[in-house]
Amino acid sequence: MKTFLLAVSVLLADQIAKLLALKHLAPSYDGSIPVIPGFFNLTLVFNQGAAWGILSGKLPLLVAISAAMLVFLIWNGKELTQNRLGIAATGILAGGTAGNLVDRLFRGYVVDFLDFHWPWSDGIYHFPAFNVADSAICIGFILLMLNTFLCSPTKR
């Protein structure tokens, strides 16, 4: 139940953030709003692919991968959530995956808006825009790996 509530909380936070981005940001890098000049902007991007735009235009495949990840997390939920770290990892990962899946199913693309620049590059190089769900997926995956490596099967 804790895992489900965490997943729903992440999903809601992601979708609310995306709705705010859609309402208040113009869709392009020209419409960026500097938050920390030279380091962090809010920039509306419609990503039709996965991370770094890979698999762009492969919507059915990306939907299938997201759905498969959610099925995996549900199917293995009892084993993955035997401790607090596992509960957090699984809930955060499921919520992030669901957030981007909702975008793909209802919009046909993922809404990204967090845009970081490398401070030592005079703003020339920047990390591709991402969103709350992407952050949750990364954090959840790292926590899941930590849980896997730090906790023996008997401790999980």
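All figures in this text were calculated on a predicted structure; none of them were measured in a lab.
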Exercise for the section: For the pair V45 and F130, evaluate side-chain contact (heavy atoms from CB on, under 4.5 Å) and give the outcome as yes or no after the intermediate values. Expected result: CA-CA 8 Å; V45 176; F130 60 97; over 6 Å; no
Completion exercise
In T43, N100, N47, the residue satisfying side-chain hydrogen bond (donor to acceptor under 3.5 Å, both in side chains) with D112 is N47
Test of understanding: clusters of I, L, V, M, F, W, Y form through side-chain heavy atoms closer than 4.5 Å, transitively. Do [X] and [Y] belong to the same one?
X	Y	answer
F4	I87	no
L61	V63	no
L73	M145	yes
F127	F39	yes
L80	F149	yes

Spacing of [atom1] belonging to [X] relative to [atom2] belonging to [Y], to within rounding of 0.5 Å:
X	Y	atom1	atom2	result
I139	L144	CD1	CG	13.5 Å
K78	T90	NZ	OG1	14.5 Å
Q48	L62	CD	CG	10.5 Å
Q15	L22	CD	CG	9.5 Å
T148	E79	OG1	CD	8.5 Å
N83	C151	CG	SG	4.5 Å

What's the shortest heavy-atom distance between [X] and [Y], and which atoms?
X	Y	result
V10	G95	CG1-C, 3.6 Å
V132	A17	CG2-CB, 3.9 Å
L93	I137	CD1-O, 3.6 Å
I92	G140	CG2-N, 3.8 Å
F113	A129	N-CB, 4.5 Å
G96	A136	CA-CB, 3.9 Å

Does the side chain of [Y] come within less than 4.5 Å of [X]'s, by heavy atoms?
X	Y	value
D115	L42	no
R104	I65	no
D14	N131	yes
F141	T97	no
V110	K18	yes

Exercise for the section: Evaluate the criterion side-chain contact (heavy atoms from CB on, under 4.5 Å) for residue pair N41 and I33; output intermediate values, then yes/no. Expected result: CA-CA 5 Å; N41 297 331; I33 298 174; over 6 Å; no
Handout entry: is_close_aromatic(F46, Y109), centroid dist under 6.0 Å
Key =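 Yes, the ring centres sit under 6.0 Å apart.
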Problem - Partners passing salt bridge (charged side-chain N to carboxylate O under 4.0 Å, His left out) against D134 (at least two apart in sequence or in another chain) - result: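 For D134 there are no salt bridge (charged side-chain N to carboxylate O under 4.0 Å, His left out) partners, ignoring immediate neighbours.
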